[in-house]
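These values consider heavy atoms only, across backbone and side chains, with no hydrogens, waters or symmetry-generated copies.
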Protein chains: 2
Amino acid sequence: MRLQSYACAYPSLRESLFVSTTPTVYDVAQQSGVSIATVSRVYRNPDSVRVETRERVLAAARALGYVPSGNARGLASRSTGVLGLCFPDYSDPDAEAEAIEAEEEDAATLYSDQIIRGMERAARRHGYALLIAASLEGGPESLVAKVAGRVDGFAVLARTVPTQELEVISRRQPVVMLAGPREGTDHLDHLDHIEVANFDGQHELTRHLIEDHGLRRPAYIGSAEESPDVEARFRGYLAACRSGGVQVSDEPDLRVAMMTQAEGQRAVDVLLAREGERPDALVFANDQLAVGALHALQQQGLRVPEDVVVTGFDGIPLSRLVRPALTTVRQPMLRMGEEAVELLIKRLTGARDAEPVSVMLPVTVVRRASCGCGREKDAGRGRHGRH
Amino acid sequence: MRLQSYACAYPSLRESLFVSTTPTVYDVAQQSGVSIATVSRVYRNPDSVRVETRERVLAAARALGYVPSGNARGLASRSTGVLGLCFPDYSDPDAEAEAIEAEEEDAATLYSDQIIRGMERAARRHGYALLIAASLEGGPESLVAKVAGRVDGFAVLARTVPTQELEVISRRQPVVMLAGPREGTDHLDHLDHIEVANFDGQHELTRHLIEDHGLRRPAYIGSAEESPDVEARFRGYLAACRSGGVQVSDEPDLRVAMMTQAEGQRAVDVLLAREGERPDALVFANDQLAVGALHALQQQGLRVPEDVVVTGFDGIPLSRLVRPALTTVRQPMLRMGEEAVELLIKRLTGARDAEPVSVMLPVTVVRRASCGCGREKDAGRGRHGRH
DNA sequence: ACCTAAAATGAATGCGCTTACAGTCGTATG
DNA sequence: CATACGACTGTAAGCGCATTCATTTTAGGT
């Protein structure tokens, strides 16, 4: 029994300042002459303890270097005060090291950074801390399980975690799925869910090109990997072309292996080498590709937007710094992080068994020079996306 | 006693799939006909359990939706498998909202993002997750204490946490201080410590201006807030001027209120309005200021670098995207995060009482167009900083 | 088949804290 | 003056898991 230590511990205050074992409530209690319950109350509910007693306890705690154990606290109170985020580790460390050497630090502004910032901020507002972990494989000792075991609820970037594992975990705590439509719908249909209006964004952007700029020969450059988000963009493009009376094929005009600047440059070379009439607009699945294309076009001596229009998707910072500035669709990543926390909090505070929520975040079409829009900064923007 | 639940719980498997209480080792043990010790072993040390038994336990765990409680685990084993980071919350949410509306998303690449990424990655390599929290005030229930109570060790960005509080906490677990020299040295001299070679970086950059470009009338634009890092930069500048035979005053030629682009613009206006000979080089304490200055100079019809040279500090992505590209000193933030984790791990795995370590990370002087350096990309760079 | 060492498992204890529940006083009421 | 009541504080019972030690199996050897 712990109580035995009451009898003999701490011969004197002087001694106890040099404890080698980390101090606990028992030590603080002993030192300040109260019970452990009172020590606990000083931290959990200060007002329930007489001022005089409280001060005495706090003084002892300070003297001993006492910090409440989050683990013990969490165990006893069945909640941790921590929210979590699992995201994939996109970055190949080697590639990135090279990139940094080569000053390609744009890669620096990652998707996940924004979400992390958004979540951290929102979590803090609610008094929570944030636990983050990029996931690797599954298995009983997977990072996801580790995160899940340490938080009150967490968010997962789509396609990060085996759905089966998520299914199990989500039975015992709130989970929010980020981006990507709920897959299959078979298992995960009871998760809350946040996605971005990819379809609407690309649709509106394409409509703008066709109707406002009179373009009739667009080409769409997509990706080989079939992420639901990217697919939704293409469908938005298709739909806009159809309703705009522009004839295009059911498939992207080109699929690149990765969505990088380098691939964007290659894409331009490939497209321009094809016979037939040159496209008057290059619609890229993301900004990285589009920026690469800008470089390639310049090298080929083609002017943007006079000779050919270029658009991207994502709204990364770089998109407005290139020349010409890139017309694109901005994704509200920061907001996605905040929204995720709000959903989790909602589940945590009552609405445990409410119907699963699905939030569609609106995107913003940002019209800049690369599509021919000039300085009509404010006039040329609008938000799109149903709720 | 918990054991009582053995008797009546779980009338049938069918039922048990709908437990409302979250399952524990007891449930899994009961369901798979073993003791809780064995369940625990399956997760902690799988090889110590017969394959057949292990499978049975895992099957039961899956069926019940069991996830080990990180809290209980941490409490029993006295370690969490989590590292922490405390950083200040620079961003004024309102200001940022505006910034985003105005497409000023450069603010997006924050100091802390890089460190977080670096730490997360390194932590993962060692099997740890990362807990992050931007700190506010102190007090017994401060976020720092909360973080400290939940991790095995953590890093703190300088000036984030009251040193007194840190002093107490660092008695019981490893803490690494990031950036900023160890203050006072009175209390925190037993913490590990990582800083950046601010002095050396600014020194080398200034030397380059003086010796390689023959500039003789530099002006230094510093900040009103006296952060140790920024001060070190100024001292590096001073030292280089001295040894280069260039006469300058002991104080920055100008101190701005905040280190923002807007202030950078104002700084140029102020400096050019002064009587006397115009400086031939403007040395700014960070990139933001320098970029603002670039705009202002252009407006004033002055050419960079022909009429006046401009340099920054930090190496933010924006610095290489502006025209002319900015000569600056790159800080290895990502690496700082990684290094922090390495130090923590080292403390955690044995070297508990070793002498406190102080790491000085080297910086890189990046010579670009704004100082007159041309395309001599590779030749024009070097690393500086002692270890 | 019998004995022994090694492997697998179980029983029991405690990690540090929260939280009913049960006192203990001091003081306002009847 | 006895009773009640409120404000504090102490007692005790876990929270879910890791782990030591004892016990049971199993494999190995002869």
Rounded to 10°, tell me the angle between the two end axes of the helix from C/dA1-D/dT30 to C/dT27-D/dA4, each built from five pairs. 40°
A/Gln173 CD to D/dG16 P: how many Å, rounded? 14 Å
Are the side chain of B/Arg73 and the backbone N or O of B/Pro68 linked by a donor-acceptor pair below 3.5 Å? no
Counting distance only, does the side-chain N/O of A/Thr53 pair as donor-acceptor with the main-chain N or O of A/Val49 below 3.5 Å? no
Strictly distance-based, threshold 3.5 Å: is any side-chain N or O of B/Arg56 a donor or acceptor partner for the main-chain N or O of B/Val51? no
Taking A/Gly81's backbone N and O only, do any of them form a donor-acceptor pair with A/Asp152's side chain (distance below 3.5 Å, no angle check)? yes
Would you confirm whether B/Lys146, through its side chain, and A/Gly127, through its main-chain N or O, come within 3.5 Å as a donor-acceptor pair? yes
What is the distance from CG of B/Asp27 to C1' of D/dC15, rounded to the nearest Å? 13 Å
Counting only side-chain nitrogens and oxygens, does B/Arg78 get under 4.0 Å of the OP1 or OP2 atom of C/dC15? no
Candidate pair A/Glu120 and A/Arg124, rule salt bridge (Lys or Arg N to Asp or Glu O under 4.0 Å), full reasoning: CA-CA 6 Å; A/Glu120 194 284 323; A/Arg124 179 152 34 92; 2.9 Å; yes
Centres of the A/Tyr66 and A/Tyr26 rings: under 6.0 Å? no
Report yes if a donor N or O on one partner sits less than 3.5 Å from an acceptor N or O on the other, where the partners are the side chain of A/Tyr26 and the base of C/dC15; otherwise report no. no
For atom CG of B/Asp152 and atom C1' of C/dC15, their distance in whole Å: 14 Å
Let's see if you can work this out: which of D/dA18, C/dC15, C/dC17 has an atom nearest to the side-chain heavy atoms of B/Leu75? C/dC15
Pick from B/Leu131, B/Leu130, B/Leu85: which one makes a side-chain contact (heavy atoms from CB on, under 4.5 Å) with A/Ile132? B/Leu130
Please check this pair: side chain of A/Gln173 against backbone of A/Ala148, looking for a donor-acceptor N/O pair closer than 3.5 Å. yes
Are there any protein N/O atoms within less than 3.5 Å of an N/O atom in nucleotides 24-27 of chain C, and if so, which ones and at what distance?
none

In whole angstroms, how far is the C1' atom of C/dC17 from the CZ atom of B/Arg73? 20 Å
Measure CZ/A/Arg44 against C1'/C/dC17 and give the value in whole Å, please. 10 Å
If we ignore hydrogens and angles and just use 3.5 Å, is the side chain of B/Thr80 paired with the main-chain N or O of B/Val82 as donor and acceptor? yes
Check this for me: does any side-chain nitrogen of one of B/Arg171 and B/Glu167 sit under 4.0 Å from a carboxylate oxygen of the other? yes
Given C/dG16, C/dT19, C/dC15, which nucleotide is nearest the side-chain atoms of A/Ser40? C/dT19
What is the distance from CG of A/Asn45 to P of D/dG10, rounded to the nearest Å? 16 Å
List every contact pair, protein side and nucleotides 4-10 of chain C side both N or O, where the distance is under 3.5 Å.
unit_1 : atom_1 : unit_2  : atom_2 : d
C/dT9  : OP1    : B/Thr53 : OG1    : 2.5
C/dT9  : OP2    : B/Arg50 : N      : 3.1
C/dG10 : OP2    : B/Ser35 : N      : 2.8
C/dG10 : OP2    : B/Ser35 : OG     : 3.1
C/dG10 : OP2    : B/Thr38 : OG1    : 2.8
C/dG10 : N7     : B/Arg41 : NH2    : 3.4
C/dG10 : O6     : B/Arg41 : NH2    : 2.7

